[in-house]
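As the structure lists them, so they are numbered: ligands from 1, and atoms in each ligand from 1. For this chain, numbers begin at 1 and follow the sequence in order.
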Amino acid sequence: MSETVSANKETRGFQSEVKQLLHLMIHSLYSNKEIFLRELISNASDASDKLRFQALSQPELYQGEADLGVKLSFDEKTNTITVSDNGIGMSRDDVIEHLGTIAKSGTAEFFSKLSEDQSKDSQLIGQFGVGFYSAFIVADAVTVRTRAAGLAAEQGVQWHSAGEGDYTIEDITKESRGTEIILHLREEGKEFLSEWRLRDVISKYSDHIGIPVSILTKVTDDEGKETGETKWEQINKAQALWTRNKSEIKDEEYTEFYKHISNDFADPLVWGHNKVEGKNDYTSLLYIPAKAPWDMMNRDHKSGLKLYVQRVFIMDDAEQFMPSYLRFVKGLIDSNDLPLNVSREILQDNKVTQSLRNACTKRVLTMLEKLAKKDDEKYLSFWKEFGLVLKEGPAEDFSNKEKVAGLLRFASTEVDSSEQSVSLASYVERMKEGQDKIYYLTADSYAAAKNSPHLEQFKAKGIEVVLMYDRIDEWLMNYLTEFDGKQFQSITKAGLDLSQFEDEQEKAKHKETEEEFKSVVERTKEYLGDRVKEVRTTFKLANTPAVVVTDDMEMGTQMAKLLEAAGQAAPEVKYILELNPEHDLVTQMADTADEIEFGRWVELLLGQAMLAERGSLEDPSQFLSAVNKLLVK
Ligand code: ADP
């Protein structure tokens, strides 16, 4: 891959993902050019954070707070903008790793989804986070000069690329520590060669940055004429946003800060900023994004929380402070109780961590509750993006189960839509007199749920049923046993009892029919033997002759499918066959004296019921042959 040009200069090819990213970026982000400044200032600020952190154990690395800053200048003659910092810098290996490859796993897969529809790319790419490479939106060549903190001046490195297939890298002498990025502007980027334009954009993107961001300005005399001299002018307040007073921070500042820490281009949905003193002394600033990140369901998805201790940046991906089912939360925690030399290992079983985690979890759940109360539409847009993740909550977080349950949304027979918009609280409000259970149904898809024969009596009696069709749902229901004091009852389980909704007359009639039907039930069970767990009569059906249900304690169909799909051995589900004695097919079967023909009827009914429940049959040909023989007759 590399070809040596001189002793230390080599040309290297970009990883193919980088090439794709560069191409897409230049083509889809040109309408949002100025963001390159946000990304570069953001990186420079991160580099300073990292230096400060490293200096905790190596104090010789820098001389103190006043030292750090980001500087921007431009030159009309050379058509360049330079962004420089005196942060941590990069070694030669760092440069190759960070500016030639994209380390994130799943990137190739992500890109394969892009570019069929270019108009959507900018959005998607926004979620991906373009970072340093955004320089190529305005530049047709970029030079990076950098030196890692602690290395000698001769151990500087220069990286240069025209943003096509490759880049060069060579050793240089760099007097100062840190990184300098020189953008050689393309025609479309020249609008940034203007002091007011730069100042405008920089102030927008640097207000929340905790170190000084300065621009090189031309000095003018009293009459406004340029004197030919220049001076550095600090543009921002250089106070970390979260340390400021809530009431003084504008929404735009919160939004920009979110973009700085999250790599997201879109505005966040909501946020909460809290300073807490007392037993624990900390500040948290937590955001809920508007869109799910592309890799949220990946196993190695990184948490979006940063940990600061006494305003010093300590680490990214501080996953210890948030349960996994809230992994979409971005933001930071700044603790005054943890030691500065805290490591991931120390965080693992630490009392402070535990109590901050509990507090932050509650905070996020409360934030979501408030959102749901205040703005239904916004909450549903949150649910669409993150509902699946939140459904992991009841299993993971026992102590907040009820709170999480309150945040769940489902489809239901009450609304004629696959959209999951019904809360359990609203279900409970609509419960019928005498109803003490929350009825639900799990199925493969919304259509299968909505048209399930199990719903027939519920429809007839006007009882609402929660319709669940996400893969995770049956698993979720293993952990969610009640809400607001009401038990959940699957309507495809054997324990379902609707007698409370029947009047005395109905009850008496059912009892009578059941008696009459006893022999048919026995005959059916005899024919089926071990193939079913039980056969019985049901009155919950209207237009369907038979259904299968599972025992309350037994694994349900969806759960078994989930295990199978995950490659795990699922115990065989033993079904109970329920016959509707009022259906014509069932009465025909009952009237059949011939044992062979009776068997065919049973095959037909069981086969149908299994198809409706599982979508497949163990022995389709047995079923078909029985059906065909009945048809011929
Ligand atoms: P991200 O910032 O999201 O990690 P970038 O593409 O912006 O992605 O940067 C990739 C990496 O390059 C950074 O994580 C960092 O390690 C390194 N880097 C970029 N800019 C600088 C800088 N100014 N100083 C030191 N390292 C930098």
Practice problem: With heavy atoms under 4.0 Å as the rule, classify the contact between E39 and ligand 1 as side chain, backbone, both or neither. | Solution: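 It is neither part, as no heavy atom is under 4.0 Å.
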
* Considering only heavy atoms, does D85 approach ligand 1 within less than 4.0 Å through its side chain, its backbone, both, or neither? ->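 Near ligand 1, D85 shows its side chain, while the N, CA, C and O stay back.
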
Considering both backbone and side-chain atoms of [X], is one of its nitrogen or oxygen atoms within less than 3.5 Å of a nitrogen or oxygen in ligand 1?
{"X": "N43", "result": "yes"}
{"X": "T179", "result": "yes"}
{"X": "F132", "result": "yes"}

Carboxylate-amine/guanidinium contact [X] [Y], below 4.0 Å:
{"X": "D334", "Y": "K306", "answer": "no"}
{"X": "E319", "Y": "R344", "answer": "yes"}
{"X": "R92", "Y": "D171", "answer": "yes"}
{"X": "E248", "Y": "K237", "answer": "no"}

* Are R409 and F382 in a cation-pi contact, defined as NZ or CZ under 6.0 Å from the six-membered ring centre and within 45° of the axis? ->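 Pair R409/F382 does not count as cation-pi.
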
#### Entry: Within-shell test, E97 vs ligand 1, heavy atom, strictly < 4.0 Å
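Judged by the 4.0 Å heavy-atom criterion, E97 does not count as contacting ligand 1.
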
